[in-house]
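A quick write-up on the structure given underneath.
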Amino acid sequence: MQVLDAIKRNRSIRRFTEQPVSRTEIEQIVNAGRLAGSAKNRQPWTFIIVTQRPTLHVLGECGPWCGHLTGAAFAVVLTVQNLMDPPTLTTPFDLGRASQNMILAAWSLGIASCMATIYEPEKARIALRIPDDHDVPWAISFGYPHPDADPRQRPPRLTGRLSLNEVIRWERWEK
Ligand SMILES: Cc1cc2nc3c(=O)[nH]c(=O)nc-3n(C[C@H](O)[C@H](O)[C@H](O)COP(=O)(O)O)c2cc1C
């Protein structure tokens with residue numbers, strides 16, 4: 001799949017079939033995250049791959065919009081050391097780059113995904129034995145898309161995009 005085509009067609013999918021994803025494909029996907037550039041090349045992440053259903057179930061209860069993790073074929077839990085100490089935007093930016101690499105790599109293999117914000121990190125910390133000096137801000141569910149999970153059925157406000165004209169300025173702010 002061409003990169004531009006993958007970018008245009010990718011949408012979040014929150015319901016998956018029961019078909020497992022092979023270890024080879026999981027490693028290809030997470031490797032795409034590993035290859036992302038990061039500020040000062042710090043590579044601040046450790047990616048925890050979760051395939052066991054009881055653990056996925058716990059992850060699905062780590063916040064009000066995390067439920068899609070429960071039915072995933074696997075999840076990648078993003079952990080970072082001392083997320084913002086001192087406060088900096090670079091670590092979330094780095095995690096975003098790694099996440100998008102994984103999401104697009106998966107999409108190119110026919111595997112769908114959705115981000116999840118971890119609002120109750122203590123639950124994830126206990127289940128995954130994440131040390132106290134690491135934060136666990138987001139996870140990503142992955143799996144083969146369920147036929148009933150067509151993102152075109154979602155309201156445009158949840159999946160549409162502003163037009164190019166609405167989000168760009170040429171040369172300076174004022175038109
Ligand atoms: C940082 C971030 C956090 C997100 N957290 C959640 C989440 O907790 N639960 C969820 O269902 N979707 C989550 N999403 C997915 C967005 O809701 C989704 O990307 C957005 O609505 C656009 O829809 P689309 O990806 O289908 O185009 C998150 C996306 C990002 C980038």
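Numbering of ligands and ligand atoms starts at 1, following listing order.
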* Run the numbers for me: atoms of ligand 1, each under 4.0 Å from some heavy atom of H68, listed by number. =>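 Those qualifying, in numeric order: 9 (N), 10 (C), 11 (O).
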
* **Enumerated ligand 1 atoms positioned under 4.0 Å from heavy atoms of T159** =>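 Result: 23 (O), 24 (P), 26 (O), 27 (O).
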
Compute the shortest N/O to N/O distance between [X] and ligand 1 and return yes if it is under 3.5 Å, no if not.
X    : answer
N10  : no
W138 : no
L158 : yes

* Which residue holds the protein heavy atom closest to atom 19 (O) of ligand 1, what is that atom called, and what is the gap in Å? ->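 It is S12 OG, 3.4 Å.
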
* Qualifying residues under salt bridge (charged side-chain N to carboxylate O under 4.0 Å, His left out), relative to R23, sequence neighbours excluded ->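 Residues passing salt bridge (charged side-chain N to carboxylate O under 4.0 Å, His left out) with R23: E27.
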
* Residue portion contacting ligand 1 (non-hydrogen atoms closer than 4.0 Å) for S99 ->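 Near ligand 1, S99 shows nothing, with every heavy atom at 4.0 Å or more.
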
* Linking I/L/V/M/F/W/Y whenever their side-chain heavy atoms sit closer than 4.5 Å, directly or via other members, would I26 and L78 fall into one cluster? ->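 Yes, one cluster joins them.
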
* **Common cluster, W138/V58, ILVMFWY with side-chain heavy-atom separation under 4.5 Å** =>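 In one cluster: no.
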
* **Intermediate values then yes/no, side chain to side chain donor-acceptor pair (under 3.5 Å), T17 and H146** => CA-CA 5 Å; T17 67; H146 192 281; over 6 Å; no

* Asked: Would you say R161 contacts ligand 1, with heavy atoms under 4.0 Å as the rule?
  ->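 It does; at least one heavy atom falls under 4.0 Å.
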
* Could you establish whether C66 and ligand 1 come within less than 4.0 Å of each other, counting only heavy atoms on the residue side? =>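 No, C66 has no heavy atoms under 4.0 Å from ligand 1.
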
* For the residue pair H68 and S141, confirm or rule out a side-chain donor-acceptor distance under 3.5 Å. =>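 Looking only at side-chain atoms, S141 and H68 do form a donor-acceptor pair, the distance falling under 3.5 Å.
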
* Side-chain donor or acceptor of S38 paired with backbone N/O of Q43 under 3.5 Å ->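 Pair found, side chain donor or acceptor close to backbone of Q43.
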
* Ring centre gap for Y144 and F16 strictly below 6.0 Å ->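 Ring centroids of Y144 and F16 are no less than 6.0 Å from each other.
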
